[in-house]
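Notes follow once the structure below has been shown.
Since the structure is predicted, the reported quantities are computational estimates derived from the model, not experimental observations. Numbered from 1 within each chain, the chains take letters A, B, ... in sequence-line order.
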Amino acid sequence: MINLTVNGKSHAITADPDTPLLYVLRNELALNGAKFGCGMGQCGACTVIVGGKAVFSCLVPLAAVGDRPVTTIEGLGSKERPNPLQAAFIEHQAVQCGYCIAGMIMRAQALLNVDPHPNEATLRSHMEPNLCRCGTHMRILRAIRAVAQASP
Amino acid sequence: MRSDARCWARPQHACSALPSWLSFSNRTMKSRLLRYSAIGAALLGVFAVAMMWRPPIAAEASPRVARDPDTMARGARVVAQGDCIVCHTAQGGSSYAGGLALKTPFGAIYSTNITPDPRTGIGQWTAAAFRRALRNGVSRDGHWLYPAFPYVHYTRMSDTDIADAYAYLMSRPAVYAPAKKNGLPLVFRFRPSLAFWDLLYLRSGANARDMDPVARGRYLAEGAGHCSSCHTPLDLIGGERRSHAYDGSVLDGWRAPALNTLLSASVPWTRSELIAYFSTGLGPHHGAAAGPMQPVVENMAKLPTVDLAAIADYLLSIQKQPVRSSQAASAPDQRRTTEGDARGERIFAGACGSCHESTAPMTNMSDRPSLGLSTAVNADDPRDTVQVILGGIPWPQEPSQALYMPPFEDVLSDPDIADLAQYLRTRFADKENWTDLANTIAAVHESRRAP
């Protein structure tokens, strides 16, 4: 049994300690925002925040999480009350098929949490690991910039 | 010896052990000696100034540069042989505009702008000034260049190759990029003292005569390619220890493996595998180029196969007798299964297995070796394994080489990484356990920080 804190709530997890975090989130906790894309840390669809850092949850063994808190897209806002980043993604129509978007938002949120006004070079290199096969990267960057500009 | 030492400590007249010709009791002798030492000091001063002073070579607003396609093609090849772009391009910066920090044991040295920008680059350099820089390590204006710039190797290049490289670099887009300030302590900032370093380590002059394949490979490896700049250990003042040529070294927190024990690997390197490695970054029986070697092979991939084959031939000609270590046989006894192994196994299964487990599709496609053949996992020094776990292998600049590994720096704690590394060593390599992993991991973290 391993204790896991996700979106502020503590859970007792019975899965094997070598299970990747993504499977625990989706299969045990029914948090289906993070997606399985490649399973090899190449696409970023599974990105969540662990201990303040954006990580590929498909490559994080449950045993490696330790006592670090996990935040998934479900922890940011709801359909009714999206957080500023989610609202900006909607406003800038950054979503096409949507498969990569939860990962994109979580990676961007991890940056804005520590650097609310990133410069363009920082923003681009931070977002580089996450891919959008529909090619909406320009709109995604625009949405993140909008949040950065609006924040105090 | 001891009685002399005592003598020097006493008043001179009381020192009976001094030979008479050294006695200072005679006034004329004393003044003559003073005069000689003054002349000696003056001569030494003149000599030192002459040694440490190099004249500027006049700038030219628009120096004559060949621009024909043949020269361009030859120049591009020489510049790729010399890996110029690797050090003279900052991360995300313009090609050849400099600004990359080279983290030397003496402090950070920033590469400079070698685009033809007239103010901050080499736009006003003549071919002669460029040749002097490569042959003698002296800049156009006469200031000494630090040996982080491998002129001790470039000096071996032929006049023609240097001229072609000059023409090619002068044809690149000019970028305004002033030199960054080096992070060297005061004692190393007095550049003329490099004259004495050069006296020790610089044997200037081309080496481009007889050109059978091995000699041609030697010319490329020792000259433009400057392989031994990284693959030979350095002494205390940053000179290559030629008696240990190609024995391997450590730089930028990475281990540059020995190049003269290629036949001692569990699968010995062959000519064709070396050529494949140079042109794709992947040795099917040894692993992928990573760290400082990654941009080098991206650059080598631009060279014609005949050059890569020559370098391979040369490297194979300098091999030591392969050591089939008796260790390998006794290794299982020396390997200890540690408590961490169970934890390492769990980490491996969850974080690495999807690509590196023997059943993973990744290990069954396109020549990707098992970790058991990996040079890094088989090395005595765990540094490169730790480097790759922490930083992964970044996406290459050249899209043709799709080698990639995600970084685990933000995923795994240091104890996790130590357990994982030891597990890899135990399970995949036929070698004794690594020791002191905690310190290696700390050192690698340190090396990954910006200067």
Side-chain angles (χ1 to χ4, degrees), chain A residues 2 4 13 15-25 36-71 103 106-107 110-111 113-114 119-131, chain B residues 90-94 99 339-357 359-366 368 388-397 399 401-421 423 427 445 450:
Chain A
I2 288 175
L4 190 66
I13 307 294
D16 279 348
D18 61 7
T19 311
L21 177 61
L22 175 66
Y23 296 74
V24 175
L25 295 174
F36 180 94
C38 64
M40 295 174 165
Q42 299 196 6
C43 74
C46 66
T47 305
V48 301
I49 299 178
V50 175
K53 308 276 190 178
V55 299
F56 303 124
S57 64
C58 73
L59 296 183
V60 182
L62 184 56
V65 178
D67 51 12
R68 290 180 290 174
V70 178
T71 309
M106 295 317 288
R107 182 163 298 275
L111 174 64
N113 286 348
V114 294
N119 64 33
E120 188 64 17
T122 307
L123 174 59
R124 282 175 180 248
S125 76
H126 179 85
M127 293 305 294
E128 199 183 9
N130 286 41
L131 305 178
Chain B
Q91 196 157 27
S94 309
E339 204 180 300
D341 275 357
R343 290 169 33 76
E345 184 175 10
R346 283 203 294 268
I347 302 290
F348 181 83
C352 321
S354 55
C355 292
H356 291 289
E357 191 49 87
T359 51
M362 189 70 96
T363 57
N364 300 312
M365 61 183 264
S366 63
R368 279 157 210 256
V388 172
I389 293 172
L390 284 178
I393 299 178
W395 289 108
Q397 300 294 312
Q401 300 174 48
L403 293 169
Y404 165 81
M405 179 176 138
F408 286 85
E409 191 159 41
D410 293 339
V411 174
L412 302 177
S413 68
D414 289 359
D416 283 345
I417 291 167
D419 289 340
L420 172 61
Y423 172 76
R427 174 175 162 191
H445 277 303

Chain B heavy atoms under 4.5 Å from [X]: which part of the residue, side chain, backbone, both or neither?
X: A:Q42; value: both
X: A:F56; value: side chain
X: A:R68; value: side chain

**OP:** Measure the spacing between CD1 of B:I347 and CG of A:L62 and express it to the nearest 0.5 Å.
**Re:**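 With rounding to 0.5 Å, CD1 (B:I347) is 10.0 Å from CG (A:L62).
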Original post:
Got a second to check how far A:T19's OG1 is from B:R346's CZ, nearest 0.5 Å?
Top reply: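 Result: 11.0 Å between the selected atoms.
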**OP:** Assess whether atom CG of A:D67 is packed by more than 12 heavy atoms of other residues, nucleotides or ligands within 6.0 Å.
**Re:**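 For A:D67, atom CG is not crowded (no more than 12 foreign heavy atoms under 6.0 Å).
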Original post:
Take atom CD in A:E120; do more than 12 heavy atoms of anything else shown fall under 6.0 Å from it?
Top reply: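 Buried by this count: over 12 neighbours within 6.0 Å.
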Original post:
Of all the residues in residues 408-415 of chain B, which have a heavy atom that comes within less than 4.5 Å of a heavy atom in chain A?
Top reply: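 Residues B:F408, B:D410, B:V411, B:L412 are the ones that qualify, each having a heavy atom under 4.5 Å from chain A.
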Original post:
Taking C-beta and beyond as the side chain, do B:C355 and A:M40 meet within less than 4.5 Å on heavy atoms?
Top reply: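 In contact.
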Subject >> Contact leader toward chain B among A:G41, A:A121, A:G39, A:C58, where contacts are heavy-atom pairs under 4.5 Å >> reply: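 Winner by heavy-atom pair count: A:G41.
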**OP:** Just give me the residue among A:S125, A:A63, A:P17, A:A54 that pairs up with chain B most often, heavy atom to heavy atom, under 4.5 Å.
**Re:**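 Sorted descending by pairs with chain B, the first entry is A:P17.
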